[in-house]
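Values below: all heavy atoms of this structure, side chains included; hydrogens, waters and symmetry mates excluded. Remember, it's a predicted structure, so these values are computed and weren't measured experimentally.
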Amino acid sequence: MANAPKPTTPVKKESSGTSAYFATLVIPIAFVVAILIFMFILGDASHYKGGDVEHGEPDMFGTVHRGGLIVPILITYLLLVFIFSIERFIVIGKASGTSSVDAFVKRIQGFLNTGNIDAAVAECDKQKGSVANVIKAGLKKYREMETDATMDVDQKSLAIQKDIEEATALEMPMLEQNLTIIATLVSIGTLTGLLGTVRGMIVAFAALATSGAASSTQLANGISEALINTAIGILTSCLSIIMYNVFTSKIDGLTYAIDETGFSIVQTFAASHKR
């Protein structure tokens, strides 16, 4: 009876602790920066006619400042979208390797077709990144199975496939780190903006009820200031949706490249070792 496949050696991967620490550090810093922007940039007297922050006519920045206490939270969301988008671009770029993933896959398949496994491993070392790490793990298992006399061809092919799957499971979570934050901003951006608008409308109509009849201009100004929150919230959500879809598409592309090359490795081994 043939023995079961030997346990595989996990691919050495970048720890996800760095990404988690990054998120924990960045969020409060972004909030502090947003408060400073709200107080000292948007709330600067130069953005109000006559320098009167309380009663002067505001320009565009002053109007945003008059959006109220929810504005710093929305600015925080915007900053987080930009920061985490840059961070994901860097991480996914490193995972892709030093050259085009499609070109790398074609080179590996070419080496497999000629049976040049050593050249394929060397190409992985040259490419680097998560895709190359996973493929290299499969190629190493390929070499191990060539000298293993305890299993038949089907079991060896299954062992190679299992090794690639385990290596993929180790590498892919790193690429998806912090995407949940961007996905969350899609929803809470708009909702927080609406909350700010509702709050502004309540304050505006409460002031009207207290002071009596007011001009339509005053009411329109109050409503426009309240709607600033919705505008910023929608902008945040739009940017978040775009960036989330960009990153998930990139990750799907890397996953497809791994699956395609992994299938080629397994099929090449099975075809070249059939008796």
Partners of [X] by side-chain hydrogen bond (donor to acceptor under 3.5 Å, both in side chains), sequence neighbours excluded?
X	result
Thr230	Thr197
Tyr244	none
Thr268	none
Thr63	none

One pair to check against side chain to side chain contact (heavy atoms under 4.5 Å, CB included): Thr192 and Thr236. What are the steps and the verdict? CA-CA 10 Å; Thr192 305; Thr236 301; over 6 Å; no
[atom1]-[atom2] distance between [X] and [Y], expressed to the nearest 0.5 angstrom:
X	Y	atom1	atom2	answer
Met201	Asn229	CE	CG	11.5 Å
Phe84	Ile181	CZ	CD1	3.5 Å
Asp152	Leu158	CG	CG	10.0 Å
Ile108	Leu139	CD1	CG	6.0 Å
Thr168	Glu171	OG1	CD	8.0 Å
Ile228	Ile70	CD1	CD1	14.0 Å

Indicate every side-chain donor-acceptor pair of residues 119-129 with a distance under 3.5 Å to a residue at least two apart or in another chain.
| from | atom 1 | to | atom 2 | distance (Å) |
| --- | --- | --- | --- | --- |
| Glu123 | OE2 | Arg107 | NE | 2.6 |
| Glu123 | OE2 | Arg107 | NH2 | 3.1 |
| Asp125 | OD1 | Lys136 | NZ | 2.5 |
| Gln127 | OE1 | Ser99 | OG | 2.5 |
| Gln127 | NE2 | Ser96 | O | 2.9 |
| Gln127 | NE2 | Ser99 | O | 3.0 |

Taking all non-hydrogen atoms of both residues, which atom of [X] and which atom of [Y] are closest, and how far apart?
X	Y	answer
Thr190	Ser237	OG1-OG, 2.7 Å
Gly56	Arg66	O-NH2, 2.8 Å
Ile251	Leu175	CD1-O, 3.4 Å
Gln109	Ser264	NE2-OG, 3.3 Å
Leu74	Gly189	CD2-O, 3.8 Å
Ile160	Ile265	CG2-CG2, 3.9 Å

Contacts of Phe82 that satisfy ring pair (Phe, Tyr, Trp, His ring centres under 6.0 Å) - sequence neighbours left out: none
Give the C-alpha distance, both sets of side-chain angles, the deciding distance and a yes or no for side chain to side chain contact (heavy atoms under 4.5 Å, CB included) between Phe38 and Val64. CA-CA 9 Å; Phe38 178 75; Val64 174; over 6 Å; no
With Thr76 as reference, evaluate Leu78, Leu79, Leu80 under the side-chain contact (heavy atoms from CB on, under 4.5 Å) test and give the passing residue. Leu80
What residue among Asp163, Asp259, Ile164 forms side-chain contact (heavy atoms from CB on, under 4.5 Å) with Val134? Ile164
Output every pair passing ring pair (Phe, Tyr, Trp, His ring centres under 6.0 Å) with a member in residues 87-128, not counting sequence neighbours, ordered by first then second residue. Phe89-Phe247
Can you tell me which residue pairs pass the salt bridge (Lys or Arg N to Asp or Glu O under 4.0 Å) test with a partner in residues 30-43, sequence neighbours excluded? none
Can you tell if the side chain of [X] reaches within under 4.5 Å of the side chain of [Y], non-hydrogen atoms only?
X	Y	result
Ile241	Ile182	no
Ile83	Phe22	yes
Lys156	Asp148	yes
Tyr77	Pro72	no

Measure from the side-chain N and O atoms of Thr147 to the backbone N and O of Glu144, and report whether any donor-acceptor pair falls under 3.5 Å. yes
Polar side-chain atom of Arg88 near backbone of Gln177 as donor-acceptor pair, under 3.5 Å: yes
Can you list everything that forms a side-chain contact (heavy atoms from CB on, under 4.5 Å) with [X]? Sequence neighbours excluded, please.
X	answer
Gln267	Phe263
Ser100	Asp102, Ala103
Ser157	Val153, Val266, Phe269, Ala270

May I ask whether [X] and [Y] are part of the same hydrophobic cluster, defined by side-chain heavy atoms of I, L, V, M, F, W, Y residues being less than 4.5 angstrom apart, directly or through others?
X	Y	value
Ile29	Ile41	yes
Val186	Ile242	no
Val53	Phe61	no
Tyr256	Ile92	no
Leu235	Leu194	no

If the test is side chain to side chain donor-acceptor pair (under 3.5 Å), which one of His47, His65, Lys49 qualifies with Asp59? His47
For the residue pair Thr114 and Asn116, confirm or rule out a side-chain donor-acceptor distance under 3.5 Å. no
Answer yes when Glu165 and Lys162 have at least one side-chain N-carboxylate O distance shorter than 4.0 Å, and no when they do not. no
Hits for salt bridge (charged side-chain N to carboxylate O under 4.0 Å, His left out) against Glu57, two or more places apart or cross-chain, chain-then-number order -> none
